[in-house]
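Residue numbers start from 1 in every chain, and the chains themselves are labelled A, B, ... in the order their sequence lines are given, proteins ahead of strands.
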2 protein chains.
Amino acid sequence: MNKSGPRRGRRPGGPDTRVAILDVARRRFLEDGYHAVTLRSIAGEAEVDLALISYYFGSKKGLFGAALALGANPAEVLARVVAEGDLSTFPERVIRQVLAVWDDPVTGPPLLAMLKSAIDDDSLGGLVKEAVEREIVDRIAGLVQGREARQRAASFTTVVAGLIATRYLLRLEPIVSMTADEVVRFVSPQLRQALRGPGRPAPNARPAGRPAPSR
Amino acid sequence: MNKSGPRRGRRPGGPDTRVAILDVARRRFLEDGYHAVTLRSIAGEAEVDLALISYYFGSKKGLFGAALALGANPAEVLARVVAEGDLSTFPERVIRQVLAVWDDPVTGPPLLAMLKSAIDDDSLGGLVKEAVEREIVDRIAGLVQGREARQRAASFTTVVAGLIATRYLLRLEPIVSMTADEVVRFVSPQLRQALRGPGRPAPNARPAGRPAPSR
DNA sequence: CGGATTTATTCATCACGGACGAATTCTAGA
DNA sequence: TCTAGAATTCGTCCGTGATGAATAAATCCG
């Protein structure tokens, strides 16, 4: 009966609400993906009023961004891989590292969620694109050093992107069910080939043969 | 004031409603992507009552599936590519075909939208995944014929997926700005390598060096 | 200490989207 | 012609993200 007590207004105690929300949000987003998660469910789980989310983060996207800003950026991972070992084993090391990170149940889902949301939201996509260009392609290009380094680095990135796309985004068989060793065995030759680059630069020399099927 | 006339009920004339809906739906989905399109807007544009969509297709997803079942499926494209020419030029032909379709301002965007939609909705992703496995991987596997054909076909698919992911999904430089010829030059070696497969099966032989960074 | 201000919280709604069920009317088949 | 089913419309439900007003605690400042 007691309709009582102060209902509205600030509740006593320190405002750790913000981090509570962020905490729950991060976990939920990474578990279930952006669209599947509802703000109400986050608010409920964090034992917080729905409006507080808007209050602190403005919008669902804002919350998502804030939640993802925490930890796990791929650039560091690459940096580590690049740093250790020499160029001859680079492809294998990259694949193993990619698999280690993406297969890991704690680091994988965040990356996946980030990637997915970057894909369906163009503004986020732009950020990812630039980060990848700057932190990955340019870095690899610096490594390979030779003519057409940037294109070769990009080819390399393309193959890695394909691996990620098929194994984690699309979950394509038989890629998904391959062991790490198998993936290394089947994919590293392509990476190596990419680094090596196409045979002769052939700036405009078209030896003979077909003049490139004109379309 | 005449509130009049028969309002409810079946309207006279042949029921071409179903295809009308499908028509609009297809275009809209491919233009704007799954989430951005609302059933109400489709109904409006098709000059049809909202409930008719449920009536005919059950749900939004049902409509999406039905809309995509129509035409422009990549399987046919592959089939055409596979049919003509011999295996030695297969990689180049695939790349050129992929570029032709995805760069085309009329066929490209639809595919892109479809892909994006499939990525952020898992149930749709499942459909795409199965289609790709069945129509692409298995088909290529049938072509290459040899040991580990399926894995080699999958590797091939991975490289193609990478190309699509970087050039169209992520729009990564310098991939996006390459001409078709450049793409062919830089990517086809990897495709060829993928078809060839890794050198020796090497079931458990690990030459020497480090025993694969254990984690 | 005591008001004024800022910060945190709750409640009440809004507008919109998808889905459904009941009612209605037309078409087709016996 | 009578009747079963197909096609169509309306009204409504429920869940979603977002926002504004009201309220109360915390903080600042003299």
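Per the geometry, CG belonging to A:Leu52 stands 5 Å off P belonging to C:dT9, to the nearest Å. Rounded to an integer number of Å, the gap from CZ of A:Phe57 to P of C:dT9 is 11 Å. Put simply, CG on A:Asp49 is 15 Å from P on C:dT13, counting in whole angstrom units.
In this structure, A:Phe156 and A:Phe90 have parallel ring planes: the angle between them is below the 30° cut-off, well short of the 60° mark.
For the pair A:Lys116 and A:Tyr168, the cation-pi criterion (under 6.0 Å, within 45° of the ring axis) is not fulfilled.
Close to D:dT8, at under 4.0 Å from its OP1 or OP2, lies a side-chain N or O of B:Thr17. Contact annotation: B:Tyr56 reaches the phosphate of D:dT8 (side-chain N/O to OP1 or OP2, under 4.0 Å). Within the structure, every side-chain polar atom (N or O) of B:Ser59 is placed at least 4.0 Å from both OP1 and OP2 of C:dG18.
For A:Arg40 against D:dG17, a side-chain N or O and a base N or O form a donor-acceptor pair under 3.5 Å.
Among the heavy atoms of the strands lying under 4.0 Å from A:Ser54 is at least one base atom, whether or not backbone atoms are also near. If you check every strand for non-hydrogen atoms under 4.0 Å, A:Ile53 touches nothing.
Classification of B:Glu148 and A:Arg185 as a salt-bridged pair holds, one side-chain N sitting under 4.0 Å from a carboxylate O. Salt bridge present: A:Glu133 and A:Lys129 bring a charged side-chain N and a carboxylate O closer than 4.0 Å.
Closest to the B:Ala51 side chain, of the nucleotides D:dA18, C:dG21, C:dT10, is C:dG21. Set against D:dA18, D:dT9, C:dC11, the side chain of A:Leu50 has D:dA18 as its closest nucleotide.
Summary of the strand contacts: A:Val37 and B:Tyr55 both lie near DNA chain D, and taking for each the nucleotide with the nearest heavy atom, the more 5' one is attributed to B:Tyr55.
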